[in-house]
Amino acid sequence: MFSLQGQKALVVGIANDQSIAWGIARALRAQGADLAVTWLNARAEPHVRPLAEQLGAEIALPLDVSQPGATEAVFDEIASRWGRLDTLVHSIAFAPKADLHGRVVDCSAEGFAQAMDISVHSFLRMIRLAEPLMPQGGCCLSVSFFGSSRVVRHYNIMGPVKAALESAVRYAAAELGEAGIRVHALSPGPLATRAASGIDHFDELLAAATDRAPTHQLATIEDVGAMAAFLAAPEARNLTGGVHDIDGGFSITA
Ligand code: NAD
């Protein structure tokens, strides 16, 4: 089995023990990686800090990517404590409720910009800050959804946002490949998380996924974690720029 022993990994996006980022953090830790973990704000801290402690996270800090300087502060801490980073996990997304629940054509300019900033540009900012900490190469992962390339009812503005995220992954992978920095999107099927509860009729999406997927199983955060751990491993050194479906085969069905 591949090992992440001695690797340093930053995981952004744990809100609770149902978060995809929690599944990823656990898998990276299980394979031996040392972790840095962040939480959104003071309200999130009591939910996330115990999880960070459970995994023996060496660095645990607040991070709201919309706050100027906040992302830089996390990377400064990583630079001074570890001097390097091997894996970056960006598992965050946001769109204002009114825009998320409305038609794409009605999305406000402010809501569009905010959704793109938190869900896409923050990943690019993190990759840029990670680059000097990855002189021997590394792996940068974000989390997308099938609604990027197909119209999924009620996914609304997050569809174009995830399309931009996947495209950003490909461009970043092309730009950083020579430096050995690999960039991927993980694309799980629907999972009952807090972010997902903001999407209208999410239960219908879960039911359709179970019905249509060849495995008739929903993806789990453990499935996503296993894929992330593999992509972070040296054995995956020649994989980059991918959007990896973890969906029981849902995306191959018509
Ligand atoms: P979640 O609610 O557990 O995680 C979302 C995270 O985003 C939270 O930790 C939240 O604090 C963070 N976040 C939001 N705004 C932020 C900001 N300004 N700064 C820093 N962090 C911020 O839900 P999740 O489902 O685990 O979501 C993680 C990722 O997975 C998202 O990108 C989501 O779009 C994606 N995804 C989810 C599903 C699903 O069905 N749940 C499927 C495919 C992809």
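Numbering of ligands and ligand atoms starts at 1, following listing order.
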Can you check whether K162 has an N/O within less than 3.5 Å of an N/O in ligand 1?
yes

Quick one: look at [X] and ligand 1, take heavy-atom pairs under 4.0 Å, and tell me if it's side chain, backbone, both or neither.
X	value
I118	side chain
I14	backbone
F146	neither
Q18	neither

Around N41, counting heavy atoms of other residues, nucleotides and ligands shown, do more than 12 lie under 6.0 Å from its CG?
yes

More than 12 heavy atoms from other groups under 6.0 Å of CZ on F202:
yes

With a cut-off of 4.0 Å, which atoms of ligand 1 are near a heavy atom of [X]?
X	value
P190	40 (O)
A15	3 (O), 8 (C), 9 (O)
G13	4 (O), 6 (C), 8 (C), 9 (O)
L40	11 (O), 16 (C), 17 (C), 18 (N), 19 (N), 20 (C), 21 (N), 22 (C)
A196	41 (N)
P188	42 (C), 43 (C)
L63	19 (N), 20 (C)
I20	25 (O), 26 (O), 30 (O), 36 (N), 37 (C), 38 (C)

Do E77 and W82 have side-chain N/O donor and acceptor atoms under 3.5 Å apart?
no

T71 versus R125, side-chain donor and acceptor atoms under 3.5 Å:
no

Of all the non-hydrogen atoms in the protein, which one sits nearest to [atom], and at what distance?
atom	value
atom 18 (N) of ligand 1	D64 OD1, 2.9 Å
atom 44 (C) of ligand 1	S144 O, 2.8 Å
atom 19 (N) of ligand 1	V65 N, 2.9 Å
atom 13 (N) of ligand 1	I92 CB, 3.8 Å

Tell me, please: is A44 in heavy-atom contact with ligand 1, that is, under 4.0 Å?
no

If the contact criterion is a heavy-atom separation under 4.0 Å, does W22 count as touching ligand 1?
no

Straight-line distance of F94 CZ to M158 CE, nearest 0.5 Å:
10.0 Å

Say you draw a straight line from OG of S19 to CZ of R194; how long is it, rounded to the nearest 0.5 Å?
7.5 Å

Acceptor/donor pairs from residues 166-181 side chains to any protein atom, 3.5 angstrom cut, sequence neighbours excluded:
unit_1: E166; atom_1: OE1; unit_2: S148; atom_2: OG; d: 3.1
unit_1: E166; atom_1: OE2; unit_2: S144; atom_2: OG; d: 2.5
unit_1: E166; atom_1: OE2; unit_2: S148; atom_2: OG; d: 2.8

Using 30° and 60° as the class limits, which term best fits the ring planes of F123 and H90: parallel, tilted or perpendicular?
tilted

Could you go through residues 214-222 and list every donor-acceptor pair under 3.5 Å that involves a side-chain atom there, pairing it with any protein atom two or more places apart or in another chain?
unit_1: T215; atom_1: OG1; unit_2: Q217; atom_2: N; d: 3.2
unit_1: H216; atom_1: ND1; unit_2: T210; atom_2: O; d: 2.9
unit_1: H216; atom_1: ND1; unit_2: D211; atom_2: O; d: 3.0
unit_1: H216; atom_1: ND1; unit_2: A213; atom_2: O; d: 3.2
unit_1: T220; atom_1: OG1; unit_2: E222; atom_2: N; d: 3.3
unit_1: T220; atom_1: OG1; unit_2: D223; atom_2: N; d: 3.0
unit_1: T220; atom_1: OG1; unit_2: D223; atom_2: OD1; d: 3.3
unit_1: T220; atom_1: OG1; unit_2: D223; atom_2: OD2; d: 3.2
unit_1: E222; atom_1: OE2; unit_2: R26; atom_2: NH2; d: 2.4

Among I92, I127, D117, exactly one meets side-chain contact (heavy atoms from CB on, under 4.5 Å) together with S122. Which residue is that?
I92

Closest heavy-atom pair, Q54 versus W22, reported as atoms and distance to 0.1 Å, is NE2-CZ2, 3.7 Å

